[in-house]
Amino acid sequence: MIELVFPDGSKREFESGATGRDVAASISKSLEKRSVLVKLDGALLDLDRPLPKGGAFELLTRDSPAALETIRHDASHVMAEAVQELFPGTQVTIGPAIEDGFYYDFARSEPFSLDDLPKIEQRMREIVDRDEKISREVWAREAAIEHFKSIGEDYKAEIVADLPEGDEISVYRQGAWKDLCLGPHLPSTKFVGKAFKLTKLAGAYWRGDHRNAQLQRIYGTAWASDADLEAYLLRIEEAEKRDHRRIGATMDLFHIQEEGKGMIFWHPKGWTLYRTLQNYVRRRMEAEGYVEVKTPQVLDYSLWEQSGHAQKFGANMFVCETDEGEKLALKPMNCPGHLQIFNHGQRSYRELPMRMAEFDGLHRYESSGSLHGLLRVRGLAQDDAHIFCREDQIEAESKAFVELLQVIYRDLDVELDSVKLALRPDLRFGDDEIWTIAEDTLERAANAAGVKVERLENEGAFYGPKLEFHLRDAIGRTWQCGTLQLDYVLPERMDASYIAEDGQKHRPVMLHRAILGSLERFLGVLIEHYSGAFPLWLAPVQVVVATITSDADEYALKAVDVLRKAGLRVESDLRNEKINYKVREHSLAKAPVIAVVGRREAELGQVALRRFGSTGQEVVSLLEAANMLALEAVPPDLAVRATGDQRSPHGVVGAMEAG
RNA sequence: GCCGCUUUAGCUCAGCUGGUAGAGCACCUCAUUCGUAAUGAGGGGGUCACAGGUUCGAGUCCUGUAAGCGGCACCA
């Protein structure tokens, strides 16, 4: 007998060997009909699988949020069956559920074309209509390998062969079709429903390794209802409208052209945005005791060999040779440069921790296929800094960093998607004992700052583990922005030292850290996050002074002048157009404030302010507007001082500096 | 780098089975001076990504190259 505990807390005993369906049937016929899965002690099981033990028990219907992942997984199987019916000879490999949908990787010599997708969808709908029963079988390992080999499914045979000894080999039969799969699955194909759509074709390597064969991946999305599917498609469409590349073009922020792929041409407005953000972070860092430096763009290749970057990333560096036979490289990062400054002269323990920052441009030869708007580029700048410190300072410095990062992300209104702790990679310097200490220290510091981390095996840098801070773009892709990397190796390789209390030379530890990461990437995410409607302090153009008739031209120019002198970024629109036209145009351009002036305002020395997103007007005197808007436009790090009591004289000056 | 797709005016896109290029917006000119989301008329603008090929004839068909897009791999 097994004892099941139901969600309402009641308990009942069942014969061992009872299935979820038996339990459902014992409660009511309709519940049996509606149930699709079982949740036992948190794990999902097939409805028709004998319950292996007692425990917390729940029957899931198709509408249950927990069933959605299984609907998607089953959709991938239905797709695989459809593909094998339509394209005999295609091998199946793996096909999991993913966020918002599913994919399946196929091996086939002939490529799929986009025209195939509707045909596959059609066949999928037929398979759903056939209502094929899905059942689980457990096979012997050798028999499974033999079977899959005999039907030409070499990839499946390989998967079986690689399953750990002792694992059950489960095969799911779905009508006449079958697939090796861990499960669970729905009782039959009709439960998959028809709220799915195949969305894209892609290449993907077998087992994620580029040395392996390339498979063809078909992606799809699947939902419990048509309404959910439509809502999802609409969400994607909306998200595409805020794509930073599109907004970058319409707001005239930047462009990229053929001759400089992966390189950004920042236009005046985009560069204003860039500088505003950069100045903000710079101030935040200065307030935390960072000092800023500037190191050379081009350095001798031998320095990169000494640092170890040449060995690991040489293929990704821009290298040139001079007529005199020197081999030089464009810097892909600042750390070796910073070590040169640290090493210049003798350092004392009294100088530690030394927090050395730099915003200079970096160049990395990223593979052509990885380039992506502002989010992955070849020419970039980081809010980069290296903290040289003693081992006993690592934790406090790391914690302070994570706290600073949280302050900055809060000011910028971005939300962290996840924080990952990337652990030792195969290719690495340094011994394992140090790696263990380093990994644990980072995790402790992050936890101390109130951040939960997700451990990622094998993803660390070659010189140390790292904390990665991931942000999410408009359509749900995540991008690493902030990073904190602990490094015992580079100080060793570059022979950095300081004199400690004991009068002896000691090796400092180095923390590589960035909060925005690449300014380019961060701006890409930020543009999408705000959909171009930046808060006043960040907006490239903060106020547009628009005239109603040419009578007000002279006054409008005076208003522009007054607002600019208050530190605001102002443009004028004196064109011979109707005010409706101007309001529409600047609203579409997401100008935070439109200051309308007509004959009335000119006579009374006023402006009529219209805020983005509102249709109301606020008529105030020009001076009042200048003071009020200047105060509102103060960057968040200066706002406390500007509105606060003491040390406030820098408030408004700060706002001007940010312009 | 790999797989698939795309590339026509500044932008968004139309152009059927090959017959010598079109719209809207933007831009320029003129008229209009109009109080909070598009005033009207006129005008200029294209080596149809680039290089080959097939053809009497190529934006259209074929091949190659480049860039872009979607993934994969990579990401100090």
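Chain letters run A, B, ... following the sequence lines, proteins first, then strands; residues in each count from 1.
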S.K.: Using only modelled atom types and a 3.5 angstrom limit, is any donor from either the side chain of A/E601 or the base of B/G35 paired with an acceptor on the other?
M.R.: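 Under the 3.5 Å cut-off, the side chain and the base do form a donor-acceptor pair.
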S.K.: For nucleotides B/A9 and B/G22, find the distance between their P atoms and express it as a whole number of Å.
M.R.: 14 Å
S.K.: C1' atom, B/A26 versus B/C11: distance in rounded Å?
M.R.: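 Comparing C1' positions in B/A26 and B/C11 gives a spacing of 7 Å.
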S.K.: In dot-bracket form, how is RNA chain B paired, counting a Watson-Crick or G-U wobble pair only if both its distances are under 3.5 Å and using | for bases paired to another strand?
M.R.: (((((((..((((.....[..)))).(((((.......))))).....(((((..]....))))))))))))....
S.K.: What residues, two or more places apart in sequence or in another chain, satisfy side-chain hydrogen bond (donor to acceptor under 3.5 Å, both in side chains) together with A/H470?
M.R.: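 Partners of A/H470 under the side-chain hydrogen bond (donor to acceptor under 3.5 Å, both in side chains) test: A/E468.
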S.K.: Should A/D243 and A/R246 count as an ion pair when the cut-off is N to O under 4.0 Å?
M.R.: no
S.K.: When the P atoms of B/U7 and B/A31 are compared, how many Å lie between them, rounded to an integer?
M.R.: 43 Å
S.K.: Using a 6.0 Å distance limit plus a 45 degree cone around the ring axis, check whether A/K327 lies over the aromatic ring of A/Y301.
M.R.: yes
S.K.: Assess whether salt bridge (charged side-chain N to carboxylate O under 4.0 Å, His left out) is satisfied between A/R507 and A/E492, documenting all intermediate values.
M.R.: CA-CA 7 Å; A/R507 191 74 74 201; A/E492 176 84 34; 3.6 Å; yes
S.K.: Verify whether one side chain among A/Q278 and A/D383 offers a donor that lies under 3.5 Å from an acceptor in the other.
M.R.: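 The criterion, which ignores hydrogens and geometry beyond distance, is not satisfied for A/D383 and A/Q278.
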S.K.: For A/K331, answer base if it contacts any base atom (sugar-phosphate contacts may also be present), sugar-phosphate if it contacts only those atoms, and nothing otherwise; contact means non-hydrogen atoms under 4.0 Å.
M.R.: nothing
S.K.: Quick check on RNA chain B: between A/I579 and A/Q485, whose nearest nucleotide comes earlier from the 5' end?
M.R.: A/I579
S.K.: Establish, yes or no, whether the cationic atom of A/R217 lies under 6.0 Å from the six-membered ring centre of A/Y103 and within 45° of the ring axis.
M.R.: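 Flagged: A/R217 positioned over aromatic ring of A/Y103.
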S.K.: Indicate whether the side chain of A/Q257 and that of A/H255 have a donor and an acceptor atom separated by less than 3.5 Å.
M.R.: yes
S.K.: Could you measure between the two P atoms, the one in B/U17 and the one in B/G53, and give it in whole Å?
M.R.: 25 Å
S.K.: Sticking with atom P, work out how far B/C5 lies from B/C62, rounded to a whole angstrom.
M.R.: 12 Å
S.K.: Starting at CD1 of A/I594 and ending at C1' of B/A38, how long is that distance when rounded to a whole Å?
M.R.: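 Value for this atom pair: 14 Å.
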S.K.: Looking at A/W223 versus A/F196, is the centre-to-centre ring distance below 6.0 Å?
M.R.: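 Not close enough - the centres of the two rings lie 6.0 Å or further apart.
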S.K.: What is the distance from NE2 of A/H386 to P of B/A76, rounded to the nearest Å?
M.R.: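 One finds 13 Å between P of B/A76 and NE2 of A/H386, rounded.
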S.K.: Atom NZ of A/K312 and atom P of B/A76: how far apart are they, to the nearest Å?
M.R.: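 Distance, rounded to whole Å: 7 Å.
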S.K.: Looking at A/F112, does the NZ or CZ of A/R108 lie under 6.0 angstrom from its six-membered ring centre and within 45 degrees of the ring axis?
M.R.: yes
S.K.: With a 4.0 Å cut-off on heavy atoms, is A/Y103 in touch with a base, just the backbone sugar-phosphate, or nothing at all?
M.R.: nothing
S.K.: Looking at the base of B/U33, is there any donor atom on it, or on the side chain of A/S550, that sits under 3.5 Å from an acceptor on the other one?
M.R.: yes
S.K.: Indicate, with a heavy-atom threshold strictly under 4.0 Å, whether A/A608 touches base, sugar-phosphate, or nothing.
M.R.: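 Contact class for A/A608: base.
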S.K.: All N/O contacts under 3.5 Å from nucleotides 6-11 of chain B to the protein, with atom names and distances to one decimal?
M.R.:
none

S.K.: Starting at atom CG of A/L427, determine the distance to atom C1' of B/A76, rounded to an integer number of angstrom.
M.R.: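 Interatomic distance, CG of A/L427 to C1' of B/A76: 12 Å.
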S.K.: Quickly work out the A/D553 CG to B/C34 P distance and round it to whole Å.
M.R.: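 My rounded result for the distance is 13 Å.
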S.K.: Can the ring centres of A/H309 and A/F462 be said to be less than 6.0 Å apart?
M.R.: yes
S.K.: Nearest whole angstrom, please: distance from the P of B/C75 to the CZ of A/R364.
M.R.: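 Computing the A/R364:CZ to B/C75:P distance gives 12 Å.
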S.K.: Would you list the protein and nucleotides 24-31 of chain B atom pairs, both N or O, that sit under 3.5 Å from each other?
M.R.:
{"unit_1": "B/A26", "atom_1": "OP1", "unit_2": "A/Y581", "atom_2": "OH", "d": "3.1"}

S.K.: Rounding to an integer number of angstrom, what distance separates B/C50 and B/U8 when you compare their C1' atoms?
M.R.: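 It works out to 14 Å between them.
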S.K.: Sticking with atom P, work out how far B/A58 lies from B/G18, rounded to a whole angstrom.
M.R.: 13 Å
S.K.: Could you walk me through whether A/D360 and A/K294 pass the salt bridge (charged side-chain N to carboxylate O under 4.0 Å, His left out) test, one step at a time?
M.R.: CA-CA 7 Å; A/D360 205 16; A/K294 163 99 171 70; 3.0 Å; yes
S.K.: Starting at CD of A/E259 and ending at C1' of B/C50, how long is that distance when rounded to a whole Å?
M.R.: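 Rounding to the nearest Å, CD of A/E259 and C1' of B/C50 are 12 Å apart.
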S.K.: Which residue is it: A/V597, A/T547, A/V560, A/V545? I am looking for the one with a side chain to side chain contact (heavy atoms under 4.5 Å, CB included) to A/L574.
M.R.: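 Checked A/V597, A/T547, A/V560, A/V545 against A/L574; only one passes side chain to side chain contact (heavy atoms under 4.5 Å, CB included): A/T547.
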S.K.: Could you give the distance separating B/A37 and B/G71 at their C1' atoms, to the nearest angstrom?
M.R.: 39 Å
S.K.: Base contacts versus sugar-phosphate-only contacts with protein, heavy atoms under 4.0 Å: please encode nucleotides 65-73 of chain B as B, S and - from 5' to 3'.
M.R.: -SSSSBBBB
S.K.: Which residues pass the ring-ring contact (aromatic ring centres under 6.0 Å, His included) test with A/Y463, not counting sequence neighbours?
M.R.: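 Counting only residues at least two positions away or on another chain, A/Y463 forms a ring-ring contact (aromatic ring centres under 6.0 Å, His included) with A/H512.
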S.K.: How is A/P332 classified with respect to the nucleic acid when contacts are heavy atoms under 4.0 Å: base, sugar-phosphate, or nothing?
M.R.: base
S.K.: How do A/D551 and A/G616 order along RNA chain B: which one's closest nucleotide is nearer the 5' end?
M.R.: A/D551
S.K.: Salt-bridged, A/R207 to A/E158, with N to O below 4.0 Å?
M.R.: yes
S.K.: Look at atom NZ of A/K590 and say whether more than 12 heavy atoms of other residues, nucleotides or ligands are closer to it than 6.0 Å.
M.R.: yes
S.K.: Take the protein atom CG of A/N580 and the nucleotide atom P of B/U36, then report the distance between them rounded to whole Å.
M.R.: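 Taking CG of A/N580 and P of B/U36, I get 6 Å after rounding.
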S.K.: Is the distance between the ring centroids of A/Y104 and A/F102 less than 6.0 Å?
M.R.: no
